[in-house]
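Written out below as structure tokens is the structure these notes cover.
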Amino acid sequence: MVDRQPSFLVLKYLWLVLGSVIITASNSKLAGAYEADISGFINIDCGALESYTDNQNGLFYEPDTKYIDTGEIKDIIPNFTNYDGSHGRQRFNLRSFPLGKRNCYTLKPNHGANNNYFIRAVFEYGNYDDNNKIPVFDLYLGVTKWTTVRRAISIKEIIHVPSADYIDVCLVNIGKGIPYISALELRPVDNSIYRIPNVALSYYVRYDIGGDIVSRYKVDVYDRLWYGLKLDGWNYTYPAGPDIYNQSSDYKVPDEVMRTSATVDASSPLGISVNAPLDASGQLYIYFHFAELEELNDGQKRELRIELNGERNLTEPVILEYLKPVTINTTFPPINSERVQFNIYAADDSYLPPILNAVEMYEIIELRRSPTNLDDVHAMMKIKSVYGVKRNWQGDPCLPEEHRWDGVICSYDSSNNPPRIISLNLSWSRLTGEIDPSFASLTAIQYLYLNGNKLTGLVPADLIKKSKNGSLTLSVEGNPDICLSAASCKKNKKIVVPVVASIAAFSVFLITTLVIFWRLKMRKKQATVVLGKSESISENKNDTFAAKKRQFTYSDIVEITKNFETVLGKGGFGTVYHGYLDDTEVAVKLLSSSSAQGYKEFHSEVKLLMRVHHRNLTSLVGYCIEGTHMGIIYEYMAKGSLDQYFSGKHEGKNASILSWEDRMRIAVDAAQGLEYLHDGCKPPIIHRDVKSSNILLNEKLEAKIADFGVSRIFPIESGSHVCTGVVGTPGYLDPEYYSSNRLNKKSDIYSFGVVLLEIITSRPVILTALKNTHIRKWVNSMLAGGDIKSIVDPKLSGDFEINSAWKAVELALSCTSQSSSERPTMIEVVMELKECLALAMTPNGEGHPGNKSKGPKRMLTIDVNADEFSPSAR
Ligand SMILES: *[C@@H]1O[C@H](CO)[C@@H](O)[C@H](O)[C@H]1NC(C)=O
Ligand SMILES: *[C@@H]1O[C@H](CO)[C@@H](O)[C@H](O)[C@H]1NC(C)=O
Ligand SMILES: *[C@@H]1O[C@H](CO)[C@@H](O)[C@H](O)[C@H]1NC(C)=O
Ligand SMILES: *[C@@H]1O[C@H](CO)[C@@H](O)[C@H](O)[C@H]1NC(C)=O
Ligand SMILES: *[C@@H]1O[C@H](CO)[C@@H](O)[C@H](O)[C@H]1NC(C)=O
Ligand SMILES: *[C@@H]1O[C@H](CO)[C@@H](O)[C@H](O)[C@H]1NC(C)=O
Ligand SMILES: *[C@@H]1O[C@H](CO)[C@@H](O)[C@H](O)[C@H]1NC(C)=O
């Protein structure tokens, strides 16, 4: 074999030196906008001041102002504008983005989701900033990195099937200069071509073999840029003739492109070699376009085979017929060599020499991440536009995680489900007008902060509903003209809201307002308020009926407990047994007849339990009063009481250690139960005996508050209530209540704070080993050393989220402040704990705005009255 060396050229910057664009005269200066709409084209000249019809391609370009609200308009230096080339006019000006790490254009193509689009972004630096330094930055297609822009002039194209009805094109600052963009274009492409599932095709090369110009729209219906390519050693054919190549191929390669081709001597291959893409991590995808341009004589045959890097044959041999376009597409694994070389041979020495008409290469971009839930995105876009929010609100709200929208917290799961928005903070954002219904369309939201704005009108009913049942923390205080019901909207144009100073921003307003309403209501029927005297809570007919239904006889109890077979626990009041009611497991508390105190407590507990229903309160299944036999049947809590986990009593039965996240979830549950008693019940109820042995866990580790035996219904008119005797458990007992005999909700909060300290530390409330030191004192003294790690349960071996732990300790200490006025309210506790939980679920506190840079919060509210701790130590 003689010289089989292919003739090739490295084609790296080729297009830059190519000549001028073909100009398809657009004779008719018809309204370009109309044209663009018909075709579904989007043509944006970034940084342009006005729209215009481009005199080269006849397309109507609009400025980018309606697609983006950030960035600055700049012109490139005039002597850069003197060239011919594609996108001549579009390159004269640009938009640069000195602010924000990510800036995005949102395109909404006419054809909607799940259709194929061709997107092109054009960049010419043109020394617009007089820095003579070409910026390098990343380009993203939605949440996926598309490519890096690093040259003085770049044209980037991608073919993509969006799953949403919008496409974000984002410029991301990677610290190597200010991102900028000159033009952005979108064209619909037929769904039968260039389409691989879950993959976008990023343009790498596209050549019109044998051509010597750049062709685009209108020559090409899809406005692909075809760069003419001629190499030494090739011969070219330009058969004349009528319109013979009429784009019958699905790929619609233009006649002008197909009509030119290259060929070589029959004895040698026709070769093309290009540099492998710079960041060639993925695969390449290639399209060869062939058409036989010669009428072949009998006995003549053109049959080709294609070899990649001399190593393997890419496809079966290709047989060409006169004027019939053939497209061969093929993919291949990542190429380790620096070069990608294709050789096209005649399949047999006796056949006609190889030809090639056009070739395209794409990099495969895997779309790994699902974008944020589409309903959430639509709601956020609506909110953004309704209130004109000006923040970094661009691109996907949740992704990439490091570019999440300000004020937004999302939930991400490992199985690549679309992220959901779980928290939105728009407090102090100068929002005006009504609360848009789209807030309620954020169906996964758990926290919504709208406080400190100028919002007016009615809070959407859905939001109120969700906040009432505890699935949403809603904060709307500090909006002067907002109301929670239609009636109050009319009557009270203004509700005066007291300023509530607290350790963080809390959603007190809602509760305050509800309390105001209750007060108004309660004034009318004050007679029913105080339990202490009458012991008779609302004896209305419904309750009596329900009570009858839930009443069991003593023999029922014997049957349910299988004659008191299994004891679950014992206390001063009596014994708790395990039992079955039908197929449901229950716990039966049987009062010991010797306890006189017990009868009163029993009675008050039954009454109470019949009134209160909350998923974080143990629910009453039934009760029994028969002579001296008194029993209460509760739902069975399979995992026992919380204290068993700390004391180690639980080991053996269930040796598992509660993870930090479990602990925070349990704390939230218990807090919600208490919050319901304090703020959800009318009149409020004070538990009076909050402790870890009264917090029970079910099979799913959901926590419920139990034992309402000593609870007090709390008269709403007075601030606190003087009681006849102090009730409670040592260690958990509020010292202020103990000394003053004055009971109020804050006493429960003290006790809850102690429980929280137990949850954090797994230590007993009274540390007998340390001369009976109270757990609060111990934590304070450990904190003086500044080391949170020594406070948190060592059994976790450091496996906890540090910011979450700081926050929890901070909260527990403020709950256990000596002075009740310094303790937070239960609703505040719930909110803070939910944040602890959110932090626990997002590793390294990533999910939390503000925490990332500041590190752990150390603004502890420390009770300096207490002798145990010197503030100067910190
Ligand atoms: C543009 O003009 C400036 C000033 O005349 C000159 O220094 C620079 O070299 C020119 N740049 C180009 C690309 O011609
Ligand atoms: C590749 O070609 C085959 C037919 O030869 C076609 O069915 C397929 O859709 C093409 N793939 C792409 C991604 O164009
Ligand atoms: C041109 O298109 C028509 C119908 O669309 C078809 O019948 C004809 O064969 C095509 N001609 C060529 C040369 O492909
Ligand atoms: C290319 O053109 C040269 C000169 O016309 C000719 O000698 C040669 O055979 C041609 N090669 C092919 C493959 O057509
Ligand atoms: C490709 O196939 C041809 C025969 O069809 C064979 O001669 C050639 O060696 C093959 N090339 C490679 C790299 O395997
Ligand atoms: C909400 O954002 C405001 C300011 O943007 C901040 O002061 C406040 O602490 C945030 N609230 C929460 C609960 O993150
Ligand atoms: C709260 O109410 C909302 C809307 O009514 C409902 O979707 C949600 O499941 C409820 N959550 C709880 C915990 O009851």
Side-chain angles (χ1 to χ4, degrees), residues 407-411 422-425 427 446-449 451 473 475 500-508 658-672 674-675 703 749-750 752-763 775-776 778-780 782-793 796 798-817 822-863 869 874:
V408 168
I409 299 180
C410 308
S411 66
I422 55 170
S423 170
L424 173 58
N425 180 358
S427 57
Q446 294 165 21
Y447 304 92
L448 179 57
Y449 306 106
N451 50 299
T473 301
S475 173
V500 183
S502 51
I503 57 170
F506 291 120
S507 58
V508 174
L658 294 174
S659 72
W660 180 259
E661 192 181 324
D662 285 341
R663 288 171 203 235
M664 289 303 107
R665 198 164 274 130
I666 288 166
V668 168
D669 282 348
Q672 286 180 158
L674 263 188
E675 197 242 313
I749 286 162
Y750 181 90
F752 183 81
V754 174
V755 171
L756 190 52
L757 289 173
E758 285 183 279
I759 292 177
I760 294 165
T761 63
S762 287
R763 284 173 199 269
I775 188 168
R776 175 176 193 282
W778 179 78
V779 168
N780 256 338
M782 294 308 282
L783 262 191
D787 183 12
I788 188 94
K789 292 210 170 87
S790 57
I791 294 171
V792 175
D793 185 359
L796 288 174
D799 187 10
F800 60 90
E801 212 290 312
I802 194 132
N803 292 334
S804 174
W806 273 105
K807 207 167 174 50
V809 170
E810 172 188 355
L811 179 65
L813 291 178
S814 80
C815 287
T816 51
S817 296
E822 284 166 23
R823 297 174 203 154
T825 63
M826 218 47 225
I827 187 150
E828 293 167 341
V829 171
V830 168
M831 218 198 72
E832 289 282 292
L833 282 172
K834 282 187 174 174
E835 279 188 27
C836 293
L837 177 58
L839 284 169
M841 293 191 301
T842 42
N844 309 323
E846 250 288 2
H848 240 246
N851 275 358
K852 234 185 301 179
S853 50
K854 283 183 213 150
K857 266 198 197 166
R858 277 149 208 260
M859 303 177 307
L860 288 175
T861 315
I862 284 170
D863 185 351
F869 180 75
R874 286 177 59 81

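Computed over heavy atoms, backbone and side chain alike; hydrogens, waters and symmetry mates excluded. This is a predicted model, so every value here is computed, not measured.
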Inset, instruction - Locate the shortest heavy-atom distance separating Val754 from Thr816; write the atom from each residue and the value. - result: N-CG2, 3.6 Å

Legend entry - CD1 on Ile827 to OG1 on Thr473, rounded to 0.5 Å: 7.0 Å

Legend entry - Candidate pair Val829 and Arg823, rule side chain to side chain contact (heavy atoms under 4.5 Å, CB included), full reasoning: CA-CA 9 Å; Val829 171; Arg823 297 174 203 154; over 6 Å; no

Inset, instruction - Provide the closest heavy-atom pair for Cys410 versus Ile422 in the form atom of the first, atom of the second, distance. - result: C-CG1, 4.0 Å

Legend entry - Which atom of Ala840 lies closest to which atom of Glu801, heavy atoms considered: CA-CB, 3.9 Å

Legend entry - Heavy-atom pair with the smallest gap, counting every atom of Arg663 and Ser762: NH1-OG, 3.0 Å

Legend entry - Pairwise side-chain contact, Leu757 with Arg763, heavy-atom cut-off 4.5 Å (strictly under): no

Inset, instruction - Run the numbers on Leu756 and Leu833 for side chain to side chain contact (heavy atoms under 4.5 Å, CB included), then give the verdict. - result: CA-CA 10 Å; Leu756 190 52; Leu833 282 172; 4.0 Å; yes

Legend entry - Test item: Ser804 and Met664 side chains (from C-beta on) under 4.5 Å apart, heavy atoms: yes

Inset, instruction - Would you check if Val408 and Leu424 make a side-chain contact, meaning some heavy-atom pair closer than 4.5 Å? - result: yes

Inset, instruction - Looking only at non-hydrogen atoms, find the nearest pair between Gly753 and Cys815 and report the distance. - result: CA-CB, 3.5 Å

Legend entry - Minimum-distance pair of heavy atoms, taken over all atoms of Phe752 and Ala667: CZ-O, 3.6 Å

Inset, instruction - Say whether, by atom type as modelled, one donor and one acceptor occur between the side chain of Glu835 and the main chain of Glu832 under 3.5 angstrom. - result: no

Legend entry - Pairwise side-chain contact, Trp806 with Ile791, heavy-atom cut-off 4.5 Å (strictly under): no

Legend entry - From Ile760 atom CD1 to Cys836 atom SG, the distance as rounded to the nearest 0.5 Å: 7.5 Å

Inset, instruction - Calculate, to the nearest 0.5 Å, the distance between atoms CG and CG belonging to Asp793 and Leu658 respectively. - result: 9.0 Å

Inset, instruction - Look up atom CD in Glu828 and atom CD in Glu675, then write down how far apart they are to the nearest 0.5 Å. - result: 10.5 Å

Legend entry - Leu811 side, atom CG; Lys807 side, atom NZ - distance, nearest 0.5 Å: 8.0 Å

Legend entry - Nearest-0.5 Å distance, CD1 of residue Ile775 to CE of residue Met782: 12.0 Å

Inset, instruction - Assess whether side chain to side chain contact (heavy atoms under 4.5 Å, CB included) is satisfied between Tyr447 and Ser475, documenting all intermediate values. - result: CA-CA 8 Å; Tyr447 304 92; Ser475 173; over 6 Å; no

Inset, instruction - Could you check if a side-chain atom of Gln672 sits within less than 4.5 angstrom of a side-chain atom of Lys834, using non-hydrogen atoms only? - result: yes

Inset, instruction - Pick out which of Val668, Ile666, Asp669 makes a side-chain contact (heavy atoms from CB on, under 4.5 Å) with Leu837. - result: Val668

